[in-house]
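Letters A, B, ... mirror the listed sequences (proteins, then strands); counts begin at 1.
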Amino acid sequence: MSKILQDLNPQQQEAVKAVDGPVIVFAGAGTGKTRTLTSRIAYMISERKIPPKQILAITFTKKATNEMRERIFKLVGPNAGEVFISTIHAFCASVLRKFIGLIGYKQNFEIIDDEDSVRVLTEIYKERNFDRKAFSPKAAHNIISAYKNGVMPIGGIVNTLFEAYQEYLFDHNLADFDDLLLLVNKLFTLHKEVLEFYQERFRYILVDEFQDTNMTQYEIIKTLGQKYQNVFVVGDDDQSIYSFRGAVVDNMYAFMKDFDNVILVKLTQNYRSSNALLLGANTLIANNVLREKKNLFSTVKGELSDVVVTESQYHEDEVRFVVNEIAYLIRGGVDPNKIAVLYRNNVVSRNFELAFVEARIPYLIYGGFSYLKRREIKDAISYLKFLLEPNNIFHFKRIINQPSRGIGEKTVEKITERCQMYQQSIFEAIDWLHANNPSNKTSALIEFKQLIEKLQKALEQMSLVDFFDYMLEQTGYLEMLAQEDFFESNRVENLEEFKSILYRFEATYGREGLSKKEILHMGFDEILLDETLSVDDKGKGGAVLSTVHSAKGLEFDYVFVVALEEGLFPALREDSDIEEERRVAYVAFTRAKKKIYLSCATTRLIYGRIVRNPKSRFLTEYLMGRKEQEKPEILKTEKLHSDESLRDFHVSDRIYHSTFGYGLVIAVDETTIQVLFERDKSIRKIKKDHPTLRKTLEE
DNA sequence: TATTCAGTCTTTTTT
DNA sequence: AGACTGAATA
Ligand SMILES: Nc1ncnc2c1ncn2[C@@H]1O[C@H](COP(=O)(O)OP(=O)(O)OP(=O)(O)O)[C@@H](O)[C@H]1O
C-alpha cells in the first residue's frame with residue numbers, strides 16, 4: 001500500500017481513492033476530513049500522476065491555505081507548489097484579475113474591505129442627503145452585504161442606496177468582498193469561453209468546510225465542476241456557523257442532487273479527542289433537531305478530570321484564573337502554541353490580552369482587528385497606491401489631509417467636480433484651481449502635487465524599504481503620529497513592521513525584473529485577502545486567543561472556552577438562531593485534544609453596565625451525558641489560593657478537586673494527601689499531582 | 001477648516 | 001466604558 005494511504009482508515013481511503021467523479025465526505029468534527037482531503041491531493045499527484053496544475057483546492061481561510069500547502073508539501077514535495085490552493089475569495093480575485101475587462105471593469109480594479117465600503121456609503125449618504133439616523137452607513141453596509149449574500153431581500157430606500165453604492169464601486173473600479181464572488185459568477189454566466197478556460201485548467205476541484213459555502217460560492221463550484229464532474233467536498237452540518245454570511249448547509253444536500261452518482265462517505269471515528277471530551281460534545285449537539293444524526297467515537301478513553309468547569313464571580317477572576325492556569329501549564333512544559341482561549345465575542349479578548357502581556361505569556365490573536373485594517377497601515381497603503389495611480393480619487397481622498405494640509409471636504413469637492421465635469425485628472429484640476437483662483441488652499445494642493453511627483457521619482461531609485469521610510473518622513477506622516485498621544489505610539493511600530501512586508505514583496509517578486517509598480521501590485525493582491533496577517537505572526541508564536549469562528553478547523557491540546565453565559569454564548573438577540581449558537585459551541589468544544597476548561601463569570605462589565613447572566617445552557621448540556629456522581633464540581637475561581645500553583649500542601653490547607661469538590665487536608669505524605677471532603681463528608685487519599693487538585697483560600 | 005465638547009450608540013460571528 | 005457623531009466655536 002502507498003505510504004499516503006497507510007495513515008488513513010478504510011473509509012478515508014475510499015474517499016481518497018475515488019478520484020474521478022463527485023464525492024462528498026459528510027462527517028463530524030475531528031474525523032479527519034481535512035486530512036482526507038489533503039491526502040487525496042497527494043494521492044492524485046503521486047499515485048495517479050495527475051498534473052498538480054489541474055487541481056484546485058478551496059479552503060475557508062488563508063491560514064488553512066498555508067497549512068494545507070505545507071501538509072501536501074510534506075507528502076509529495078515541491079510538486080505541491082503547483083496545486084492552486086486558496087480561499088474562494090482569493091481564487092475569484094485571480095480570475096477577475098485576468099478577465100474582469102470582459103464585464104466592464106478595468107483590469108487594475110481594487111478590492112476594498114469593509115471599512116472602505118462604509119466610507120463609500122458615508123460619502124453617498126452625504127451626497128444624497130440620506131438620513132443617518134434611520135440606519136448608519138455601517139448598518140447599511142451590513143444590510144447590503146447580507147442582501148448580496150442572499151441572506152435577506154431589500155427594497156425601497158435600501159435598494160436605492162444599494163444601487164448608488166454599486167454604481168460608485170463600478171465608477172471607481174472597486175470591488176468589495178461580495179463582488180468578488182458575484183462578479184465571477186456573472187463572468188462565468190456571460191462568457192462561456194472563460195468558464196471553459198477554467199474548467200479545462202482545473203479538472204479536479206476539492207472544497208474544505210463545504211457546509212459554510214453560500215449560494216454564490218456553490219454556484220461557482222458547481223459550474224466549474226460541471227464539465228469533468230471531479231468535485232470532492234467535505235463538510236459537517238454540525239459545524240455550519242456562517243449563516244450570517246449567507247452560508248447554507250443545504251448546499252450539502254444540493255450537491256448530492258445536482259451531481260450524478262455522488263459517492264457519499266461518512267466518517268465516525270474521531271482522532272482528535274478522547275471519549276471523555278467527545279461525550280460532552282455529542283450530548284450537546286444532540287439537542288439540535290435540524291441535523292444528521294452521528295455518533296462520534298474515539299479509541300482513547302480519557303479522564304473525567306479532562307473537563308474542568310469553573311465559575312468566577314467577576315470577569316477579572318475569570319481572566320486571572322485562565323492566565324494563571326496557562327502560566328502553570330507552560331511552566332510544566334506545555335508548548336504555548338498548543339493552548340487556546342476561545343470566545344464567542346471579540347469584546348472579551350481585550351481583557352485576556354492585557355493579562356497575557358502582564359503575565360509575559362507569549363500570545364497570538366486570531367480574528368479581531370486585522371493588522372491591515374489599522375488606520376496607519378491603510379493610510380500608508382493608500383499613499384503607495386496613489387503614487388502608482390495619481391489619478392485615483394479614492395486614495396486621494398484618504399491621504400490628502402493626512403497629515404492635515406488644511407484641505408477639507410469643500411476643497412476636495414471642488415477638485416472632484418472639475419475632474420468629472422471637464423474630464424481632468426486630479427493634478428490638472430489642482431493646476432487649474434491654482435491658476436484661476438489661487439489661495440493658500442491651492443498652494444497647499446500644489447505643494448502636495450509636487451511632493452507626490454518627488455516621491456514617484458524617488459520610488460524608482462530606492463529599495464521599497466528605504467523608500468517607505470523616506471515617504472513617511474517626507475509626507476510628514478511620522479511627525480503627525482509623533483504629535484498624537486504617546487499612547488498611540490505603537491502605530492509607529494506597526495509601520496516599522498510593514499517594512500518587513502515590503503521587504504518580502506521585493507524578495508519574492510523583485511528578481512523577476514518587474515517594475516516597482518508591478519511588484520507592489522502583486523504584493524498588495526497577495527496580502528489583501530489575508531485576514532490572518534498580523535504583526536506578531538512570524539514570531540515564535542504563543543498561546544492562541546481566538547473567536548470560535550476563527551478557530552474552526554484548528555485543534556489544540558488545551559482549550560479554554562470562556563464567557564459561557566446566556567446572552568453572550570449563546571448570543572440572545574431577536575434574530576439569533578439557537579441551533580446555530582449551539583453549533584458554534586460544538587465547534588469550540590471539539591477543538592480540544594487533551595483537556596477542556598469551560599468558564600463563566602457571574603458578573604461582567606459590558607458597555608459600562610454591570611450584567612449578571614446565568615451560566616450558559618451549553619455548559620449544562622455538555623455535562624448532561626455524565627452520570628450524576630461523575631459531573632465535575634464547579635471550581636469557584638475566587639476561592640483559589642494565589643500561590644496555588646506551588647502545589648505545596650500542608651495539613652489544614654483547603655483544597656478543590658474536580659470530582660469530589662472542596663475539602664480540608666488532614667494528612668500529607670511524599671506523594672499523596674488525605675482530604676476530608678465537604679460534600680459527602682468522606683475521607684479520600686488523593687495524589688498530589690492530580691491535575692485538578694488546587695489549593696483554595698480559608699473559608 | 002480645525003477643534004472641542006456633549007450626547008449617542010455600540011457588538012455577534014468574517015472573507 | 002469608550003468610540004463616534006454633530007453642532008458650536010475659534
Ligand atoms: N486515520 C487517522 N489516523 C490518525 N490520526 C488521524 C486520522 N485521521 C485524522 N487524524 C487526526 O485527527 C485530527 C483531526 O483531523 P482533521 O483536522 O483532518 O479533522 P476534520 O474532520 O477536518 O476536523 P474538523 O471538522 O473539526 O475541522 C488531526 O490531528 C489528524 O491528524
Side-chain angles (χ1 to χ4, degrees), chain A residues 58-65 86-93 111-115 117-118 122 125-126 132-133 135-139 141-142 145-146 148-149 151 175-182 209 212-214 216-217 239-247 315 342-351 366-370 372-373 375 400-401 403-413 439-441 444 487 528-533 546-552 563 567-577 580-581 583-585 587-588 604-611:
Chain A
I58 302 292
T59 59
F60 199 71
T61 60
K62 183 72 199 274
K63 201 185 311 139
T65 300
S86 90
T87 61
I88 187 99
H89 288 85
F91 167 73
C92 289
I111 302 162
I112 58 168
D113 64 17
D114 290 355
E115 197 237 295
S117 293
V118 174
T122 310
Y125 266 60
K126 283 201 187 117
R132 288 189 69 103
K133 284 189 199 100
F135 41 83
S136 63
K138 199 171 168 185
H141 173 248
N142 283 335
S145 177
K148 288 166 96 172
N149 280 294
V151 177
D176 67 17
F177 288 136
D178 306 324
D179 287 337
L180 295 177
L181 307 172
L182 294 167
E209 306 283 3
D212 275 323
T213 49
N214 70 20
T216 319
Q217 288 163 230
Q239 294 186 70
S240 174
I241 55 175
Y242 280 87
S243 71
F244 69 92
R245 213 171 81 187
H315 65 281
L342 305 181
Y343 33 82
R344 175 75 176 80
N345 296 76
N346 264 315
V347 237
V348 299
S349 73
R350 187 85 202 124
N351 296 325
Y366 294 168
F369 302 113
S370 147
L372 289 172
K373 285 193 177 137
R375 171 165 67 89
I400 181 61
N401 214 27
S404 167
R405 297 185 177 91
I407 308 296
E409 239 173 272
K410 285 273 153 359
T411 315
V412 171
E413 219 166 84
S439 67
N440 55 346
K441 302 256 181 280
F487 165 77
L528 228 127
L529 294 164
D530 188 354
E531 285 298 303
T532 56
L533 194 72
S546 174
T547 59
V548 180
H549 284 80
S550 300
K552 194 168 64 141
L568 283 175
F569 197 172
L572 295 176
R573 301 152 60 91
E574 44 321 337
D575 59 345
S576 38
D577 166 4
E580 174 134 335
E581 293 297 316
R583 288 192 291 273
V584 178
V587 170
R604 190 177 289 279
L605 204 64
I606 294 178
Y607 315 140
R609 283 170 175 281
I610 294 167
V611 276

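Rounded to an integer number of Å, the gap from A:I241 CD1 to B:dT15 P is 11 Å. Remark: P of B:dT11 and CZ of A:R350 are 17 Å apart, rounded to the nearest angstrom. Distance A:L181 CG to B:dT14 C1': 13 Å, rounded to the nearest Å. Rounded to a whole Å, the CG atom of A:D179 is 21 Å from the P atom of B:dT14. In this structure, NZ of A:K138 is placed 9 Å from P of B:dT10, rounded to the nearest angstrom. Between A:Y366 atom OH and B:dT15 atom C1' there is a gap of 17 Å when expressed in whole angstrom units. Rounding to whole angstrom units, CG of residue A:N351 and P of C:dG2 are separated by 11 Å. Atom CG of A:D176 is separated from atom P of B:dT15 by 15 Å (rounded to the nearest Å).
For A:N401, taking side-chain heavy atoms from C-beta onward, the closest of the listed nucleotides B:dT13, B:dT11, B:dA2 is B:dA2. For A:V347, the listed nucleotide lying nearest its side chain is B:dT11; candidates were B:dT11, B:dT15, B:dA2.
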Exercise for the section: Could you walk me through whether A:H549 and A:V584 pass the side-chain contact (heavy atoms from CB on, under 4.5 Å) test, one step at a time? Expected result: CA-CA 7 Å; A:H549 284 80; A:V584 178; 4.0 Å; yes

Handout entry: Test log, rule side-chain contact (heavy atoms from CB on, under 4.5 Å), inputs A:I606 and A:V347
Key = CA-CA 9 Å; A:I606 294 178; A:V347 237; over 6 Å; no

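Residue ring and base: A:F244 counts as stacked with B:dT13 (centre distance below 5.5 Å, interplanar angle below 30°).
The two residues A:Q217 and A:D212 have their closest heavy-atom pair at NE2-O, 4.2 Å. Between A:L181 and A:H89 the shortest heavy-atom distance is CD1-NE2, 3.8 Å.
Looking at residues two or more places apart in sequence or on another chain, you find no ring pair (Phe, Tyr, Trp, His ring centres under 6.0 Å) involving A:H141.
Contact annotation: A:N346 does not reach the phosphate of B:dT11 (side-chain N/O to OP1 or OP2, under 4.0 Å). Not one side-chain nitrogen or oxygen of A:T87 sits closer than 4.0 Å to the OP1 or OP2 atom of B:dT15. In this structure, A:N214 does not reach the B:dT15 phosphate: none of its side-chain N or O atoms is under 4.0 Å from OP1 or OP2. For A:S550 and B:dT13, the shortest distance from a side-chain N or O to OP1 or OP2 is not below 4.0 Å. Contact annotation: A:T547 side-chain N/O to B:dT14 OP1/OP2 distance is under 4.0 Å. A:N149 has no side-chain polar atom (N or O) that falls below the 4.0 Å cut-off from OP1 or OP2 of B:dT15.
Among the heavy atoms of the strands lying under 4.0 Å from A:Y242 are primed sugar atoms or P, OP1, OP2 only; no base atom is included. Within 4.0 Å of A:S404, counting heavy atoms only, lie sugar-phosphate atoms of the nucleic acid but no base atom. Contact annotation for A:D114: base contact, defined as any heavy-atom pair under 4.0 Å involving a base atom. Residue A:S136 is out of contact with every strand shown, counting any heavy-atom pair closer than 4.0 Å.
Applying side chain to side chain contact (heavy atoms under 4.5 Å, CB included) to A:D176 and the options A:I111, A:L182, A:I112 leaves one that passes, A:I112.
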Please write out each protein N/O paired with an N/O of nucleotides 4-10 of chain C under 3.5 Å, distance rounded to 0.1 Å.
{"from": "C:dG6", "atom 1": "OP1", "to": "A:R132", "atom 2": "NE", "distance (Å)": "3.1"}

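Heavy-atom nearest nucleotides on DNA chain B were determined for A:A571 and for A:I407, and the one closer to the 5' end corresponds to A:I407.
Looking at A:R245, its side chain never comes within 3.5 Å of a backbone N or O of A:N149 through a donor-acceptor pair.
Atom C1' of C:dC4 sits at a distance of 22 Å from the matching atom of B:dT13, rounded to the whole Å. For C:dG6 and B:dT11, the P atoms lie 16 Å apart once the distance is rounded to whole Å.
We find that A:K138 and A:D114 are not joined by a salt bridge, their nearest charged nitrogen and carboxylate oxygen being 4.0 Å or further apart.
If you check the side chains of A:T59 and A:T65, you find a donor sitting under 3.5 Å from an acceptor.
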